[in-house]
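Down below is the structure, laid out as structure tokens.
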Amino acid sequence: MKILILNGPNLNLLGRREPGVYGALTMEHCLEGLRERYPDIDIDYWQSNVEGELINKLQEVGFGGVDGVVLNAGAYTHTSVALHDCIRAIEVPVIEVHISNVHQREEFRHHSLISAACRGVICGFGLDSYRLGVEAVKEIKDNR
């Protein structure tokens with residue numbers, strides 16, 4: 001099984017950016033833990049601050065390149081019709097994840113333009129949201 005974890009803008013700053021909201025751990029720490037927990041899963045990681053690059057990556061893997069995508073689109077969650085359309089166009093399941101509970105934050109974060117295109121949404125569990133996303137992809141794959 002192969003899963004892509006795909007992060008959007010500013011998530012390269014985890015561990016330094018607003019630790020009160022996002023925690024003090026880095027994405028590298030999270031990935032290390034996931035790879036230890038799931039040694040039988042090839043967990044690939046990719047991050048970009050550029051919307052078009054995220055779309056290109058989804059299209060690259062979206063037709064069988066991976067078994068599923070765990071996507072934290074960051075702020076593009078709330079603004080990108082293009083990401084929504086891309087997720088709808090590809091064949092692999094996409095799980096939307098957020099580190100914080102976006103519904104407890106600013107009003108503009110309460111609406112996701114990509115949720116309707118994703119298989120599911122996980123938010124508010126810190127970096128553990130990524131583990132829950134991996135579990136969701138596993139469950140989808142196991143039940144096909």
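In what follows, residues are counted from 1 in the order of the sequence shown. Hydrogens, waters and symmetry mates are skipped; everything else that's a heavy atom, side chains included, is used.
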Quick one: pull up [atom1] in [X] and [atom2] in [Y] and give me the separation to the nearest 0.5 Å.
| X | Y | atom1 | atom2 | value |
| --- | --- | --- | --- | --- |
| Leu127 | Thr26 | CG | OG1 | 8.0 Å |
| Ser80 | Leu113 | OG | CG | 7.5 Å |
| Ile99 | Phe125 | CD1 | CZ | 13.5 Å |
| Leu11 | His98 | CG | NE2 | 10.0 Å |
| Leu71 | Arg119 | CG | CZ | 15.0 Å |
| Cys123 | Asn101 | SG | CG | 4.5 Å |

Please check if any side-chain donor atom of [X] sits under 3.5 Å from a side-chain acceptor atom of [Y], or the reverse.
| X | Y | answer |
| --- | --- | --- |
| Asn143 | Glu139 | yes |
| Asn49 | Gln47 | yes |
| Tyr38 | Glu135 | yes |

Is it true that [X] and [Y] fall in one hydrophobic cluster, defined by side-chain heavy atoms closer than 4.5 Å?
| X | Y | value |
| --- | --- | --- |
| Val134 | Val121 | no |
| Ile95 | Met27 | yes |
| Leu132 | Tyr130 | yes |
| Val97 | Ile114 | no |
| Leu34 | Met1 | yes |

Student check: side-chain heavy atoms of Glu60 and Trp46 closer than 4.5 Å:
no
- Item | Note, Lys57 side chain near Leu4 side chain (heavy atom, < 4.5 Å) | yes
key: Salt bridge flag under 4.0 Å for residues Asp67 and Lys2   = no
### Message
Less than 4.0 angstrom from a charged side-chain N to a carboxylate O is my criterion; do Arg131 and Asp128 meet it?
### Response
yes
| message | The test is side-chain contact (heavy atoms from CB on, under 4.5 Å); show your working for Ile3 and Asp42 and say whether it passes. | response | CA-CA 6 Å; Ile3 296 174; Asp42 181 5; over 6 Å; no
Determine the minimum heavy-atom distance between [X] and [Y], stating which atoms define it.
| X | Y | answer |
| --- | --- | --- |
| Ala116 | His84 | CB-CE1, 4.1 Å |
| Ser129 | Gly124 | OG-N, 4.0 Å |
| Ala73 | Pro9 | O-CD, 3.4 Å |
| Phe63 | Ile90 | CZ-CA, 3.9 Å |
| Ile87 | Cys118 | CD1-SG, 4.0 Å |
| Ile55 | Leu83 | CG1-CD2, 3.8 Å |

Pair Glu96-Thr77, side-chain hydrogen bond (donor to acceptor under 3.5 Å, both in side chains): steps then yes or no:
CA-CA 9 Å; Glu96 176 185 348; Thr77 299; 4.5 Å; no
Under the side-chain contact (heavy atoms from CB on, under 4.5 Å) criterion, do Ile5 and Ile43 qualify, and how do the steps go?
CA-CA 7 Å; Ile5 296 177; Ile43 297 176; 3.7 Å; yes
Walk me through whether Val94 and Leu6 qualify under side-chain contact (heavy atoms from CB on, under 4.5 Å). CA-CA 10 Å; Val94 176; Leu6 181 59; over 6 Å; no
**Request:** Evaluate the criterion side-chain contact (heavy atoms from CB on, under 4.5 Å) for residue pair Val61 and Val69; output intermediate values, then yes/no.
**Result:** CA-CA 9 Å; Val61 303; Val69 176; 4.1 Å; yes
